[in-house]
Amino acid sequence: MADEIRLPDLGEGIDQGDVVRILVSEGDSIAVDQPVIELETDKALVEVPSSVAGTVATVNVSSGESISPGAVLVTVNAEQAGDTPEAVRESHAKDKNEQQPPTDAPAERRAPPDPVNADTDEETPAVVESSSVTVPAAPSVRRFARELGVDLQQVPGSGAGGRITRDDVKSYVQSSLNEAAQAGPVVAPDLPDFTRWGHVERQPLPGVRRAIAQNVGTAWAQVPHVTQFDRADVTDLEAFRQRHKASTDARGGKLTPTPFAMKAVVNALKAFPQFNASLDLAAGQLVLKRYYHIGVAVDTDRGLLVPVVRDVDRRGIFELAIQLDDLARRTREGRADLEELQGGTFTVTNLGSIGGTSFTPIVNFPEVAILGMGRSRQEPVVRNGRIEARLIMPICLSYDHRVVDGADGARFTRHLVESLENPERMLLGG
């Protein structure tokens with residue numbers, strides 16, 4: 001009897017992917033953990049490995065096809081493994097109807113069964129941990145939520161210890177539908193027949209572009225944006241950067257203005273913690289994050305992606321420059337892990353290398369603020385009664401007005417400006 005290799009759960013919020021390449025053919029001999037397909041999700045390119053060794057009997061997907069978790073990728077005539085530990089684990093996985101995620105997908109951590117608070121479906125409860133958030137729910141509840149497109153982190157649990165039940169998911173969906181009905185339907189208008197005026201060509205939207213469109217649309221619909229503009233005199237910062245640029249290159253990194261901006265952001269986030277937060281309207285709470293994971297927008301040939309640098313507050317400027325350069329390069333090449341594209345608390349986007357002046361970046365929901373950086377230019381500035389040529393960088397801060405008032409937005413940008421204008425003091429903790 002042939003074994004089916006199915007697409008595993010790729011993590012919270014990822015419910016489909018596009019098949020980019022088929023890596024095996026019928027009749028091929030494959031080993032455990034050998035990749036069988038290459039899949040493009042809205043986060044990254046991932047290789048999905050085989051859970052068994054044997055001979056490929058059938059290939060059940062095709063290039064360009066959109067598939068969801070649970071879809072059968074290939075069937076394999078498995079080798080006879082007897083009672084080896086691998087076979088025992090495989091059998092146990094089948095009994096539980098659980099698939100292991102790919103190596104570059106974030107693994108779910110399972111909590112031990114609770115004999116007192118067991119669900120009525122008698123399944124082992126799954127506990128999903130994301131940084132400081134723990135979401136307890138049975139596997140059947142998680143599947144139910146995924147089918148409805150519900151983020152379990154947004155659902156209040158009514159069970160013992162805050163466990164989430166099917167009824168909790170239903171109540172959350174009903175509440176969301178009621179709120180949407182009160183707000184009124186948002187329906188995209190029908191497009192005219194463009195062929196009346198000339199030749200047209202239709203191209204399918206890649207998975208990443210579809211995800212970008214959905215995420216940006218959600219952010220624009222959910223977040224009342226305000227953008228605060230300011231200017232920083234980065235003359236001293238640029239001199240400092242040029243002095244240390246060669247030594248950073250020798251260490252394998254690039255000392256661009258972005259690492260300095262990330263350090264300045266962390267300093268400002270510590271002074272104004274409401275910017276390092278997410279708004280939980282359902283619970284009527286502001287989720288203040290006590291960690292500093294900064295996302296950096298990266299322009300790729302597949303669209304704009306935002307890899308995340310963890311614990312920026314704990315990293316020196318050289319380490320930060322090296323890690324950011326490596327992460328940005330792997331993101332452009334489609335080799336960044338899914339986990340590296342999640343979990344940000346604040347985002348920085350730098351268009352200075354391309355050009356332009358100011359712009360209005362869209363908040364990366366569910367964050368509450370984003371910093372935009374424009375191209376620095378030499379400008380005449382009056383200092384101590386004299387006109388001097390100084391290097392001026394325009395910055396723009398977009399924020400969620402439900403969380404941040406205009407006065408605090410102005411204070412935040414002034415804090416950023418002071419840090420950027422005094423880089424050595426900033427890096428020394430002053």
Side-chain angles (χ1 to χ4, degrees), residues 227-271 292 294-299 307 309 312-329 332 346-361 369-398 410-430:
T227 303
Q228 178 77 28
F229 299 94
D230 213 323
R231 289 150 44 96
D233 183 339
V234 294
T235 307
D236 294 341
L237 186 148
E238 180 62 16
F240 180 91
R241 188 177 75 87
Q242 291 296 335
R243 286 199 303 270
H244 299 282
K245 184 178 178 181
S247 60
T248 308
D249 293 342
R251 302 183 190 194
K254 291 183 179 179
L255 193 57
T256 68
T258 302
F260 293 98
M262 295 168 69
K263 297 296 286 188
V265 162
V266 169
N267 283 354
L269 292 177
K270 290 181 177 179
Y292 303 93
I294 307 302
V296 179
V298 174
D299 182 29
V309 180
V312 173
D313 57 317
R314 303 178 186 176
R315 303 186 187 280
I317 195 68
F318 294 118
E319 180 187 4
L320 192 57
I322 294 169
Q323 182 173 357
L324 179 59
D325 180 58
D326 172 70
L327 185 56
R329 183 175 61 256
R332 293 188 186 96
F346 187 100
T347 297
V348 174
T349 176
N350 185 357
L351 297 181
S353 62
I354 300 175
T357 54
S358 298
F359 59 103
T360 55
I370 180 173
L371 174 67
M373 303 163 60
R375 169 174 286 183
S376 301
R377 288 179 171 84
Q378 290 282 347
E379 297 184 12
V381 175
V382 177
R383 300 182 75 220
N384 301 320
R386 300 177 58 184
I387 297 177
E388 299 181 15
R390 305 290 291 182
L391 188 63
I392 305 299
M393 174 191 291
I395 64 172
C396 34
L397 175 79
S398 292
R411 294 186 185 102
F412 190 91
T413 55
R414 289 314 304 167
H415 198 290
L416 285 173
V417 168
E418 291 172 4
S419 293
L420 293 172
E421 290 183 344
N422 300 277
E424 293 186 357
R425 188 177 69 185
M426 173 185 68
L427 297 177
L428 292 173

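Numbers for residues simply follow the sequence, beginning at 1.
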List the steps and the verdict of side chain to side chain contact (heavy atoms under 4.5 Å, CB included) for Asp325 and Thr256. CA-CA 9 Å; Asp325 180 58; Thr256 68; over 6 Å; no
Steps toward side chain to side chain contact (heavy atoms under 4.5 Å, CB included) verdict (Val265, Leu371): CA-CA 8 Å; Val265 162; Leu371 174 67; 3.7 Å; yes
In sequence, state the C-alpha distance, the side-chain angles, and the governing distance for Val309 and Val312, and then conclude on side chain to side chain contact (heavy atoms under 4.5 Å, CB included). CA-CA 7 Å; Val309 180; Val312 173; 3.9 Å; yes
Residue pair Thr349, Ile370: steps toward the side chain to side chain contact (heavy atoms under 4.5 Å, CB included) verdict: CA-CA 8 Å; Thr349 176; Ile370 180 173; 4.1 Å; yes
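In this structure, the side chains of Met262 and Leu324 come closer than 4.5 Å at one or more pairs of heavy atoms. Inter-residue side-chain proximity for Pro257 and Val234 is flagged as unmet; no heavy-atom pair is nearer than 4.5 Å. Annotation: side chain of Asn267 is in contact with side chain of Met426 (closest heavy-atom distance under 4.5 Å). Side-chain contact check for Arg390 versus Asp236: some heavy-atom pair is nearer than 4.5 Å. With contacts defined as side-chain heavy-atom distances shorter than 4.5 Å, the pair Thr413/Phe229 does not qualify. A 4.5 Å side-chain heavy-atom check between Leu269 and Ile294 finds at least one atom pair inside the cut-off. Contact check for Val348 versus Met373: side-chain heavy atoms found under the 4.5 Å cut-off. When side chains are defined from C-beta on, Arg231 counts as touching Glu379, because their heavy atoms get closer than 4.5 Å.
Geometrically, Lys270 engages Tyr292 in a cation-pi contact, judged by NZ or CZ lying under 6.0 Å from the ring centre and within 45° of the ring axis. A cation-pi contact links Arg251 to Phe318, judged by a cut-off of 6.0 Å to the six-membered ring centre and 45° from its axis.
To the nearest 0.5 Å, atom CD1 of residue Ile392 and atom OG1 of residue Thr235 are 6.0 Å apart. Note that the CD atom of Gln228 and the CG atom of Asp230 stand 7.0 Å from one another [nearest 0.5 Å]. To the nearest 0.5 Å, atom CD1 of residue Ile395 and atom CG of residue Leu397 are 7.5 Å apart. One finds the CG atom of Asp299 at 5.5 Å from the CD1 atom of Ile354 (value rounded to the nearest 0.5 Å).
Remark: side-chain polar atoms of Arg241 are paired, donor with acceptor, to backbone N or O of Leu255 under 3.5 angstrom. Judged by distance alone, with hydrogens and angles left aside, the side-chain atoms of Glu421 form a donor-acceptor pair with the main-chain N or O of Asp233 at under 3.5 Å.
Of all non-hydrogen atoms in Ala264 and Leu420, the two that sit nearest each other are CB-CD2, 4.0 Å. Arg375 and Ser353 make their closest contact through NH2-O, 3.4 Å (heavy atoms, listed as atom of the first residue, atom of the second, distance). Between Leu427 and Lys263, the shortest heavy-atom contact is CD2-CG, 4.3 Å. Listed here is the closest heavy atom pair of Pro361 and Ser398: O-OG, 2.6 Å. Taking both residues in full, the closest heavy atoms of Arg377 and Thr357 are given as NH1-CG2, 3.8 Å, listed atom of the first, atom of the second, then distance. Closest heavy-atom contact between Gly372 and Phe359: CA-CZ, 3.5 Å.
When only modelled atom types and interatomic distance are considered, Arg315 and Gln323 share a side-chain donor-acceptor pair under 3.5 Å. For the residue pair Gln242/Glu238, the side-chain donor-acceptor check at 3.5 Å is satisfied.
Under 4.0 Å is where a charged nitrogen must lie from a carboxylate oxygen, and between Arg243 and Glu424 at least one such pair does. A salt bridge is absent between Lys254 and Asp249: the closest approach of a Lys/Arg side-chain nitrogen to an acidic carboxylate oxygen does not fall below 4.0 angstrom.
Annotation: Arg314, atom CZ; neighbour count of heavy atoms from other residues, nucleotides and ligands within 6.0 Å does not exceed 12.
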